[in-house]
Amino acid sequence: MKRQLITTFAVAVCCSLFSWAAALPVIPAPALVTEGEGYFEFDGSTKFAVENVEQLDVARLFTSRFGESAGFVPAIEIGGDGDVVFATDATLPAEGYKLDVSTGGISIKAADTAGFFYALQTLRQLLPAAIDGSEYAPGTRWQVPVMQVEDSPRFGYRSLMVDVARYFMPKNELLKLIDIAAMLKINKLHLHLVDDTGWRIEIKRYPKLMQVGAWRMHRDEVFPARPNQRPGEVPNEGGFYTQGDIREIVAYAADRQIEVIPEIEMPAHTSSSLAAYPELACPVVDKPITVLPGGGGKNTQIIYCAGNDSVFAFLQNVLDEVMALFPSKYMHLGGDEAVKTYWGICPRCKARMEAEHIDNLEDMQGYFMKRMSDYVRSKGKIPMGWDELTNHELPEGMVIYGWRGFGEAATKAAAQGHKFIMTPARVLYFIRYQGPQWFEPYTYFGNITLKDVYEYEPIRQNWKPEYADLLMGVQASMWTEFCRSEADVHHQLFPRLLAAAEVAWCSRGEKDWQGFLHRADAVLPHLQAMGIEYARSMYNIDHKLTPVGDGKVQVEMSCIRPDVEIRYTTDGTDPVAKSKLYKEPFKVKKATVVKAVTFRGGEQMGQVLTLDVAFNKATGREVTSNVANDYVLTNGLRGSDRHSDFEWAGWYAKDGSFVLDLGKRTSIKRIVLGCINNSSMGVHIPAEIKLSVSSDNKTFKPLATKAYSHEEVFRTRTAIEDAVFDGLSASARYVKVEFTNPGKCPKGDFKEGQDTWVYFDEVIVE
Ligand code: ACM
Ligand code: ZN
């Protein structure tokens with residue numbers, strides 16, 4: 001009988017595996033699931049039988065959840081009988097588990113404590129979401145479906161990085177994140193404890209790290225636009241974790257099977273420690289060193305002096321305290337984005353280079369990192385660092401985090417036999433926009449949608465097979481430059497962390513985006529029960545308006561969720577469930593306000609997108625240039641004051657031009673060019689704009705010129721600044737716009753010495 005049952009189970013696993021794996025509302029999706037009939041119900045008489053104290057602790061974390069919401073707490077006993085029975089099975093993979101739920105009981109098998117913990121996280125997600133709340137929920141049936149699950153992770157390294165240096169996250173907020181990460185079977189928390197913006201860990205030997213390094217000036221501006229501390233200002237924003245806090249965080253995480261990995265940045269990104277101990281910077285630094293409220297400009301070039309032995313002594317002493325606090329076998333040493341301007345002119349650094357026969361500044365960083373990583377190894381820990389460490393000889397045993405672009409630099413480390421982790425900025429940096437930018441809080445760079453994260457496959461086709469063996473796993477990196485509150489962090493993290501957890505846990509295979517969304521929809525209420533407001537960006541509408549060339553504009557809309565309808569109006573009213581259904585791109589040929597929003601089952605799901613399509617003589621006409629998205633110039637739609645919103649066409653570090661074809665000879669009285677200034681991002685209006693006209697697109701006749709003063713070009717602000725050419729009198733088919741790049745950002749500018757961008761969003765011809 002028993003044998004018969006097992007055979008049936010095996011067949012069932014094979015046959016129904018895919019649909020069930022997709023259907024069981026659990027994230028990350030368990031590897032193998034077979035369905036059954038009915039439910040097991042937890043109640044006040046439910047008893048857990050475990051084998052040892054470790055299992056008891058794991059079980060207690062689970063049973064205690066019932067306390068507030070269910071009004072009972074299941075009993076747990078070591079040995080004996082129970083309804084939920086733990087049994088060690090050493091044949092199962094690390095962190096894996098087998099779960100057998102019947103109406104009469106639950107059997108959990110695992111080889112290690114983590115496996116038991118993860119089995120319970122699966123059950124936790126299958127219980128009503130109220131299990132994660134603190135409100136009494138009478139009448140709730142605390143049921144989980146009858147099923148069999150066999151599950152284990154793809155990667156042993158499944159991580160969340162939290163930047164507590166930009167946004168100092170209070171301890172309780174961090175504990176909440178740990179609990180959610182654990183529910184998603186994430187097993188590493190990388191704490192970015194140090195940056196230019198703050199030092200966040202108590203180091204008893206160096207009290208000024210806490211007195212000075214942990215505090216900066218509050219600024220209302222967004223991160224890149226925040227001025228540095230001015231003379232006389234007293235820093236008023238910040239904080240740090242005491243060593244007691246760190247012990248509590250580490251223990252809380254360990255209880256949830258999460259290893260906390262500390263990162264102490266060096267030799268750059270550390271104005272915080274240098275503000276506290278300026279003698280550790282190169283002696284040639286000739287300005288006050290302060291903790292930076294924001295981007296910092298050239299002050300970020302102030303880094304530890306590599307020629308000063310006191311720097312290494314300081315860092316060793318700091319690491320001694322840090323490594324004693326964190327039981328992790330890893331110690332992250334940073335190593336990213338070190339601008340070595342001062343090293344190049346510092347007599348101490350020069351003397352070091354001579355003594356050590358180092359002939360370039362990259363190798364000088366190699367020397368620095370090797371010295372510190374040798375120290376870490378001498379203490380029995382494994383050093384880790386960002387992928388810039390592949391720019392020089394890699395210190396022995398160093399684990400590399402691939403972050404720039406798609407993180408490919410890490411494969412340079414793999415080629416030398418180093419282990420590595422993927423946290424590519426293009427996919428797993430949750431600082432980036434997660435949806436149509438007009439609806440999102442202001443942040444940096446491009447978009448990484450929930451779908452982008454879900455579809456990420458860390459192992460690239462062009463890799464040598466041995467690289468895959470060295471890949472430890474993946475990490476979602478929550479950089480917090482733009483966060484000012486817990487809610488800001490939650491908005492950026494959720495739901496994208498669910499997708500990252502899935503990438504880290506689930507084996508490589510067919511992706512099922514819709515299946516993932518269904519499961520995410522079931523898991524997100526658990527987050528809500530914990531008071532998390534997750535982003536609903538996945539319900540917002542992306543648009544693409546393209547000039548068709550005949551004076552018409554094509555309107556295309558899309559949503560990353562396939563299970564919603566887009567409904568829209570063209571009469572200025574907000575769409576309702578019965579408004580026109582968007583089925584395919586359509587054309588408009590006169591001024592039109594398109595309003596669109598997603599619906600599901602008659603319920604509005606996203607925010608209303610307003611496309612204010614304005615028509616002038618250039619709208620819908622063709623533009624020729626050397627940038628890919630020049631179609632935005634005549635699509636009738638203005639950009640926002642975010643030059644990254646995909647409504648702006650940009651030229652970097654060089655002069656540029658484009659030609660507008662009005663389709664036929666046209667009278668021209670006025671031309672407006674939409675320009676933008678975002679000084680904190682090195683975006684400026686052109687130094688000069690020249691207009692000329694032609695009837696054959698060959699011979700052009702000058703029409704008008706506009707030159708801007710240095711002060712006008714480099715104004716410190718973010719604003720749309722149109723270039724208006726009034727009083728024109730011409731008749732032509734072609735208009736050429738030539739513009740001069742303003743050159744490098746001037747002294748004192750946010751981006752001093754850096755090349756500039758010039759952007760246009762629209763050409764308006766009247
Ligand atoms: C990094 O994002 N600078 C590691
Ligand atoms: Zn120096």
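Hydrogens, waters and symmetry mates play no part in the numbers below; they use all other heavy atoms, side chains included. Every number for a ligand or one of its atoms is a count from 1 in the order of the listing. Along the sequence shown, the residues carry numbers beginning at 1.
The side-chain heavy atoms of Glu356 and Met364, taken from C-beta on, include no pair separated by under 4.5 Å.
Within the listing of ligand 1, atoms 1 (C), 2 (O), 4 (C) sit less than 4.0 angstrom from a heavy atom of Trp479. Close approach to Tyr429 involves these atoms of ligand 1, each under 4.0 Å from a residue heavy atom: 1 (C), 2 (O), 4 (C).
Among all non-hydrogen protein atoms, the one lying nearest atom 3 (N) of ligand 1 is Asp336 OD2, 2.6 Å.
At the Zn ion (ligand 2), the angle from SG in Cys349 to SG in Cys282 is 110° when rounded to 10°. Around the Zn ion (ligand 2), the angle linking Cys346 (SG) with Cys305 (SG) is 110°, rounded to 10 degrees.
Two rings, from Phe168 and Tyr241, have their centers less than 6.0 Å apart. If you look at His190 and Tyr401, their ring centroids are closer than 6.0 Å. Between Trp479 and Phe430, the distance separating the two ring centers is not shorter than 6.0 angstrom.
The shortest N or O to N or O distance between Trp386 and ligand 1 is not below 3.5 Å.
With respect to Arg205 and Glu321, no salt bridge is recorded, no charged nitrogen being found less than 4.0 Å from a carboxylate O.
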